[in-house]
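Protein chains get the first letters and strands the later ones, always in sequence-line order, with residue 1 at the start of each. This is a predicted model, so every value here is computed, not measured.
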Amino acid sequence: MPKIVSYNVNGIKARLPRLIEYLDAEQPDIVCLQELKSSDDTFPEKEIRDAGYGAIWHGQKGFNGVAVLARGTNPVERQRGLDGDPDDTHSRYLEAEVEGLIVASIYLPNGNPVPGPKFDYKLAWFERLAERAEHVLAEEKPVVLAGDYNVIPNDDDVFSVKAMASDALMQPQSRAAYRALVSQGWTDSLRTRFPAGGVWTFWDYQAGAWQRDAGFRIDHLLLSPQAADRFVDAGVDKAYRGKEKASDHAPTWVRLK
DNA sequence: ATGCCTGGGTCCCCCAGA
């Protein structure tokens with residue numbers, strides 16, 4: 001039963017030992033990575049291949065960057081970047097097919113501070129993503145849209161509504177954009193598995209957030225109806241957030257029949 | 001009201017993250 005993971009690594013070079021350890025221990029079938037912070041030519045292809053994974057990646061020097069890994073096979077690229085803005089230079093979207101399953105690795109803009117051009121970019125990018133999602137959904141195939149959406153969908157997805165109230169991740173416009181996307185016909189797999197909320201995928205490095213369990217849920221795996229029919233389980237591999245030199249995100253996953 | 005960490009780039013300070 002394939003395990004599909006979304007993992008914002010916050011720098012693949014700094015996180016490589018952690019990532020390889022994760023692949024060896026958990027043997028996920030597909031891994032969508034975000035925030036590679038690596039140009040295409042410095043992506044650690046050999047180390048990932050030696051761990052048993054084929055990979056495609058869409059890198060960028062310094063920040064952003066997404067990849068799709070597949071255990072024992074090579075992902076077949078379908079789409080790199082989103083249509084709708086020829087001036088957009090950010091590497092935030094990579095879509096592939098892996099043995100009949102369509103997966104996208106998504107790194108939505110953070111959008112802080114609010115208001116401002118970065119928040120405008122976030123909302124505009126969200127609209128472009130929704131257009132792509134609608135197109136893919138119409139294919140009526142099993143699809144997983146996996147990534148760091150930088151949206152806290154509900155008040156019970158955050159340790160403190162008050163602490164995050166002015167953040168781009170929780171603005172009504174951000175939530176409305178996420179809701180509109182899901183309403184196309186996608187299933188939020190973590191929400192389905194844990195309808196009462198209280199499940200985090202991110203803990204800030206600052207102010208002892210991990211030690212206080214002050215986190216929130218921003219990494220999401222959305223399922224097309226054909227994927228949702230195969231839903232088995234979903235969760236967060238929280239222990240990996242507590243390890244040495246961890247990312248501030250934990251691997252978040254869904255298992256399908 | 002602000003900074004708290006962390007990674008990466010040019011490099012010992014700044015940007016970006018969330």
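Between B/dC5 and B/dA18, the distance separating the two C1' atoms is 12 Å to the nearest Å. Taking atom P on both B/dC14 and B/dC4, the two are 13 Å apart, rounded to the nearest angstrom. Here, B/dT2 and B/dT6 have their P atoms 23 Å apart, quoted to the whole Å. Distance check on atom C1': B/dG7 versus B/dC12 gives 15 Å, rounded to whole Å. Annotation: B/dA16 and B/dG3 have their P atoms spaced 16 Å apart (nearest Å).
Using a 4.0 Å heavy-atom distance criterion, A/Arg92 is classed as a sugar-phosphate-only contact. Here A/Asn150 lies in heavy-atom contact (under 4.0 Å) with sugar-phosphate atoms only. Residue A/Asp148 is classed as a sugar-phosphate contact, given heavy-atom separations below 4.0 Å to backbone atoms only. Residue A/Tyr149 is out of contact with every strand shown, counting any heavy-atom pair closer than 4.0 Å. Within 4.0 Å (heavy atoms only), A/Asn8 reaches sugar-phosphate atoms of the nucleic acid but no base atom.
The shortest heavy-atom contact between A/Pro153 and A/Arg175 is O-NE, 3.3 Å.
Between A/Arg71 and A/Asp29 there is a salt bridge, since at least one side-chain N of the basic residue sits less than 4.0 Å from a carboxylate O of the acidic one. At a threshold of 4.0 Å, the pair A/Arg128-A/Glu131 does not count as salt-bridged, since none of the basic side-chain nitrogens sits closer than that to a carboxylate oxygen. By the 4.0 Å N-to-carboxylate-O rule, A/Asp204 lies too far from A/Arg212 to be salt-bridged with it. Salt-bridge check for A/Lys3 with A/Asp237: passed, with a basic side-chain N closer than 4.0 Å to an acidic carboxylate O. At a threshold of 4.0 Å, the pair A/Glu35-A/Arg15 does not count as salt-bridged, since none of the basic side-chain nitrogens sits closer than that to a carboxylate oxygen. A/Asp83 has no carboxylate O lying under 4.0 Å from a charged side-chain N of A/Arg132, or vice versa, which leaves the two without a salt bridge.
Between A/Gln171 atom CD and B/dA18 atom C1' the separation is 13 Å, expressed in whole Å. The distance between atom CZ of A/Phe202 and atom P of B/dA18, rounded to the nearest whole Å, is 6 Å. A/Asn112 has its CG atom 14 Å from the P atom of B/dT2, to the nearest Å. As a whole-Å value, the separation of A/Tyr121 OH from B/dG17 C1' is 14 Å. Nucleotide B/dA16 holds its C1' atom 14 Å from the NZ atom of A/Lys122, rounded to whole Å. Rounded to a whole Å, the CZ atom of A/Phe119 is 15 Å from the P atom of B/dA18. If you take CZ of A/Arg217 and C1' of B/dA18, they are 16 Å apart, rounded to a whole angstrom.
When the side-chain nitrogen and oxygen atoms of A/Lys118 are compared with OP1 and OP2 of B/dG17, one or more of them lie within a distance under 4.0 Å. Checking the phosphate oxygens (OP1, OP2) of B/dA18, a side-chain nitrogen or oxygen of A/His249 falls inside 4.0 Å.
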Per-nucleotide protein contact along nucleotides 3-11 of chain B, 5' to 3', at a 4.0 Å heavy-atom cut-off (B base, S sugar-phosphate only, - neither), is -BBSBSSS-
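The shortest distance between side-chain heavy atoms of A/Ile48 and A/Ile12 falls below 4.5 Å.
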